[in-house]
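First the structure, in the form of structure tokens, and then the observations on it.
What's counted below: heavy atoms across the whole structure, side chains too, no hydrogens, waters or symmetry copies. Proteins come first, then strands; the chains are lettered A, B, ... in the order of their sequence lines, and each starts at number 1.
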Amino acid sequence: MNKTYLSYNNIVSSIGFDSLTVVQNIHEGLSGISLIEDENLFPNPFYASVIDSDYLEKAFKKLKPNGEYTRLEQMMVLSLDKIIQASGVALTDRVGLILSTTKGNVDTLDPRNPMPAERAYLGTLGHIIKNYFGFSTEPIVLSNACVSGILAISTAKRFISQGTFDKVFIVGGDIVSNFILSGFNSFQAMSSLPCKPYCKQRSGINIGEVAASILVNKDQDNLPSEAVEILGEASCNDANHISGPSRTGEGLYRSILSAFKEAHVGPGDIDYISAHGTATIFNDEMEAIALNRLGLDAVPLNSLKGYFGHTLGASGLLETIIGMHSLYHNTLYPSKGFTELGVSQPLNIITAPTAKDLNCFLKTASGFGGCNTAAVFKKVQS
Amino acid sequence: MKAQHLKIKEYCRISNNRVLLNDELLLEDLGSDFITFIKLAYKKMDTNYPKFFKMDDLSKLGFLATDILLKTVTQDSEMPKNIALVFSNSASSLQTDRKHQESIVDKENYFPSPAVFVYTLPNICLGEISIKHRLYSENSFFIFNHFNAEYLHDYASSLIKTEKADEVLCGWINCDVDDYEAFLYLVSTEGSIAHNKEEIIKLYTTK
């Protein structure tokens with residue numbers, strides 16, 4: 001089977017508009033989460049990671065776009081533009097485009113939004129991105145709840161190994177909207193403070209917004225220094241509950257096991273785990289159980305939700321990119337917000353930036369609908 | 001290679017108030033609205049799953065079409081089957097999104113509900129199916145402007161070739177303002193119809 005690599009990458013977020021700046025900020029312990037007071041988004045002040053609108057607009061205008069673009073489209077275009085330019089890849093019929101998003105332009109459903117509600121169709125979003133850059137192939141939009149971002153990487157690998165494409169550009173994104181905030185609040189899932197994944201004092205999630213993009217490539221030439229190989233990946237359902245995680249972590253356990261099988265690795269080969277860690281009571285506990293069932297409790301682990309909040313359909317992609325840079329810098333980044341272990345099983349939570357030789361990392365995610373995804377990545381040996 | 005011999009074992013269509021399994025018309029109830037029709041279909045197909053009534057329209061539609069195809073397969077099996085679910089549509093969960101949006105648009109009349117919000121993701125339908133049929137399997141939900149036989153074909157082939165799934169239930173489940181449509185087919189190593197783009201399009205367009 002073909003090998004596949006994660007190559008050029010970008011993050012547009014509240015703590016930077018390119019991967020290097022974002023990673024540097026994480027190293028320095030900077031979080032993008034702040035207290036937001038905006039009644040158009042939510043009746044009460046709330047903690048979230050929100051991109052500065054003026055900064056976004058200015059950056060987007062530099063591209064000299066024709067026509068009107070929504071907030072999410074601006075974020076996605078900005079992110080994807082950087083890696084298309086950097087990679088120099090021509091957008092032929094051998095190059096695919098995958099979008100990962102849970103809600104796309106859902107803000108256009110609000111009658112106060114100046115854009116037409118038709119913009120909320122995810123296929124329309126796909127075509128806007130396709131047409132902006134002039135992709136030759138039909139866009140593939142993946143909307144699989146909170147595993148979308150990492151499943152998009154699996155999907156790109158699968159289409160490449162099947163021969164559909166030689167290269168795939170992925171862009172993932174979701175925005176902070178009154179739609180999402182009101183929904184998670186109705187679930188009583190929102191924290192009234194900055195989130196604290198795996199911590200005893202954790203009390204729920206913060207929502208965040210990013211656009212992240214990556215080039216998935218079957219050739220080993222023209223790779224940036226932080227490139228990784230996708231060794232294995234899998235996605236398994238809990239078959240248990242549509243909004244609550246399995247008590248035994250069944251789907252996550254099976255996903256990791258299956259990803260390990262394809263990757264030909266075992267728990268001893270994993271140097272670092274970039275986990276999901278939403279900071280809800282049930283999610284973090286479920287992950288601890290699944291990881292312990294697999295003997296992964298001693299592997300250094302973080303959740304990056306303390307920097308970006310939960311960025312929904314982009315989170316898996318965003319966190320994989322940080323993982324790549326973590327490997328490249330041989331540095332483990334702390335799980336922001338964590339002070340004292342608050343799950344029933346042991347986990348090795350990273351609490352300070354730590355230099356360590358890193359070769360291989362595991363990325364996991366879980367979401368509504370009982371979905372779970374795991375993927376194993378390895379440094380490209382130069 | 002396993003993938004070169006893949007077949008379409010069975011297919012099911014629910015649209016225009018008709019239920020078809022392979023070539024056979026199982027139910028027709030022209031003239032009734034979606035809610036009435038889907039309730040009737042639930043009854044006539046012996047679905048017997050009370051949680052069905054809590055689902056949104058998209059989940060009901062996908063659940064019912066799947067149940068018609070998989071009921072006998074998963075009921076008679078002691079071991080959970082490794083059948084992947086690869087669904088697609090054009091409207092995502094927009095019908096339920098609009099419902100949630102209505103509940104938050106007016107600050108004086110603000111009533112968001114978790115029972116509605118949870119269905120504002122298209123893959124919840126896959127979760128409902130996985131629970132009923134004990135499928136600890138691959139789930140993917142794609143959004144395309146139109147039915148895309150090529151992408152579904154390649155993705156399903158890849159899942160079986162890489163041994164991520166033994167069979168793949170593929171297709172199109174869509175609910176929008178004026179219309180609904182379900183077309184699902186089971187990709188397997190058994191069956192009499194070749195699994196290729198042309199056959200998939202033929203089955204999809206024969207209504």
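Neither the backbone nor the side chain of B:Lys132 comes within less than 4.5 Å of any heavy atom in chain A. Looking at A:Asp238, the atoms closer than 4.5 Å to chain B (heavy atoms on both sides) all sit in the backbone: N, CA, C or O. B:Ser90 touches chain A through its backbone: at least one of N, CA, C or O sits under 4.5 Å from a heavy atom, while the side chain does not.
A donor-acceptor contact under 3.5 angstrom links the side chains of A:Ser182 and B:His100, judged on distance only.
In this structure, A:Phe165 and B:Tyr151 have tilted ring planes: the angle between them lies in the 30° to 60° band. Ring geometry for A:Phe159 versus B:Tyr155: interplanar angle of 30 to 60°, hence tilted.
Side-chain atoms of A:Asn237 do not come within 3.5 Å of backbone N or O of B:Ser130 as any donor-acceptor pair. Looking only at distances, a side-chain donor or acceptor of B:Asn123 sits under 3.5 Å from a matching main-chain atom of A:Ala145.
In this structure, A:Lys103 pairs ionically with B:Asp97, as a charged nitrogen and a carboxylate oxygen lie closer than 4.0 Å. Between A:Glu233 and B:Lys164 a salt bridge is recorded (basic side-chain N to carboxylate O distance below 4.0 Å).
With chain A as the partner, the residue from B:Phe142, B:Phe144, B:Phe117, B:Tyr110 showing the most heavy-atom pairs under 4.5 Å is B:Phe117. With chain A as the partner, the residue from B:Asn82, B:Leu126, B:Thr120 showing the most heavy-atom pairs under 4.5 Å is B:Thr120. Counting heavy-atom pairs closer than 4.5 Å to chain A, the top-ranked of the candidates B:Asn145, B:Leu135, B:Leu121 is B:Asn145. Chosen from A:Thr102, A:Asn178, A:Thr155, the residue pairing most often with chain B at heavy-atom distances under 4.5 Å is A:Thr155.
Contact of the A:Phe187 side chain with the B:Pro114 side chain is registered, since non-hydrogen atoms from C-beta on lie closer than 4.5 Å.
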